Number of protein chains: 2
Amino acid sequence: MVTKQLKGTPEDADLTRADSLAREIFSDIANKWALLIIDALGERTLRFTGLRAEVEGISHKMLTQNLRMLERNGLVERTVHPTVPPRVEYALTEPGRDLRKTVHWMCDWTHQHFHHIEGARRRFDG
Amino acid sequence: MVTKQLKGTPEDADLTRADSLAREIFSDIANKWALLIIDALGERTLRFTGLRAEVEGISHKMLTQNLRMLERNGLVERTVHPTVPPRVEYALTEPGRDLRKTVHWMCDWTHQHFHHIEGARRRFDG
DNA sequence: CGGTATCCTGAACGATACTG
DNA sequence: CAGTATCGTTCAGGATACCG
């Protein structure tokens with residue numbers, strides 16, 4: 001679980017470390033842009049500009065920031081072709097593709113409960 | 001899919017509406033606090049204060065805000081007992097519990113790829 | 001083309017105080 | 001106890017400009 005912090009007895013040292021790392025990764029990944037980027041990449045290899053076109057509404061800055069973060073966490077692989085002008089390609093790693101399934105489950109969930117959500121909103125707003 | 005916007009021919013009107021709603025819901029839910037709250041609630045019914053204790057590090061304000069949002073989207077049910085002092089209970093709805101599975105998949109994913117991630121980070125940071 | 005750096009604005013957030 | 005409101009700060013994030 002991510003929510004609960006274990007108490008720090010020496011024996012738990014590894015567990016707490018794992019736990020806090022899990023929490024850290026969770027905070028990294030559980031954000032709109034990161035998940036949209038992962039979804040957009042899919043099985044393809046995309047260049048920076050192409051990727052930006054795929055992720056509706058993302059800014060240059062947010063894209064670079066999130067790509068660095070995803071690369072750091074080993075979700076995205078970045079390949080630089082030292083040509084002029086430079087050609088940089090992004091693709092999901094195996095764990096990245098794996099996580100992408102989760103994103104899809106979230107999308108499925110949205111569509112599945114579409115009416116429930118619409119109804120709840122109408123009731124709440126009115 | 002959530003990333004791509006359909007072009008607005010009249011026939012697609014419902015689809016684009018559904019799509020933009022999906023995107024909206026996605027933006028609502030794909031955030032750290034919302035997911036942590038959903039995870040923390042689990043199968044239980046919790047009161048405001050209890051819930052706050054469960055979600056490590058969340059502020060009073062963030063908790064209320066996110067709870068309102070989750071209620072609005074029909075993920076959380078809020079029950080007020082008109083006593084003094086008031087007793088307000090929160091629980092996941094069926095769609096909410098359903099989405100919670102997704103959160104767990106994300107957690108599982110984290111643990112599964114733990115070493116990969118740690119390695120990637122070391123390589124990236126050094 | 002892709003990336004970094006700088007600046008600037010508005011939103012997110014925390015702290016605090018007040019109400020039923 | 002739970003919730004709203006207000007204020008002040010911090011920080012995310014957009015715009016712009018410049019480098020490889």
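In what follows, every heavy atom counts, from backbone to side chain, and hydrogens, waters and symmetry copies are set aside. Proteins get letters first, then strands, A, B, ... in listed order; numbering begins at 1 in each. It should be emphasised that the depicted structure is a prediction, and the values quoted were computed from it without experimental measurement.
- The existence of a salt bridge linking Arg87(A) and Glu89(A) is confirmed by a sub-4.0 Å separation between a basic side-chain nitrogen and an acidic carboxylate oxygen.
- For dG3(C), its base sits under 3.5 Å from the side chain of His60(A) at one donor and acceptor pair at least.
- By the 4.0 Å N-to-carboxylate-O rule, Glu54(B) lies close enough to Arg44(B) to be salt-bridged with it.
- Spacing between atom CE of Met69(B) and atom C1' of dG3(D) amounts to 18 Å, rounded to whole angstrom units.
- At the phosphate of dC1(C), neither OP1 nor OP2 sits under 4.0 Å from any side-chain N or O atom of Arg52(A).
- Note on Arg78(B): every side-chain N or O is 4.0 Å or more away from OP1 and OP2 of dA2(D).
- Applying the 4.0 Å criterion to OP1 and OP2 of dA2(D), one finds that Arg47(B) has a side-chain N or O inside that range.
- Comparing dC13(C), dG3(D), dG14(D) against the side chain of Val88(B) picks out dG3(D) as the nearest.
- The nearest whole Å value for the distance from the CG atom in Leu63(B) to the P atom in dT4(D) is 12 Å.
- Here the side chain of Pro86(B) is nearest to one of dG14(D), dA2(D), dG20(D), namely dA2(D).
- If Gly57(B) and Pro85(A) are placed on DNA chain C by their nearest nucleotide, the residue sitting closer to the 5' end is Pro85(A).
- Comparing dA2(D), dG3(C), dG3(D) against the side chain of Thr49(B) picks out dA2(D) as the nearest.
- One finds no side-chain N or O of Tyr90(A) lying less than 4.0 angstrom from the OP1 or OP2 phosphate oxygen of dC1(C).
- Contact check for Leu99(A) versus Trp109(B): side-chain heavy atoms found under the 4.5 Å cut-off.
- At a threshold of 4.5 Å between non-hydrogen side-chain atoms, the residues Arg121(A) and Leu21(B) count as touching.
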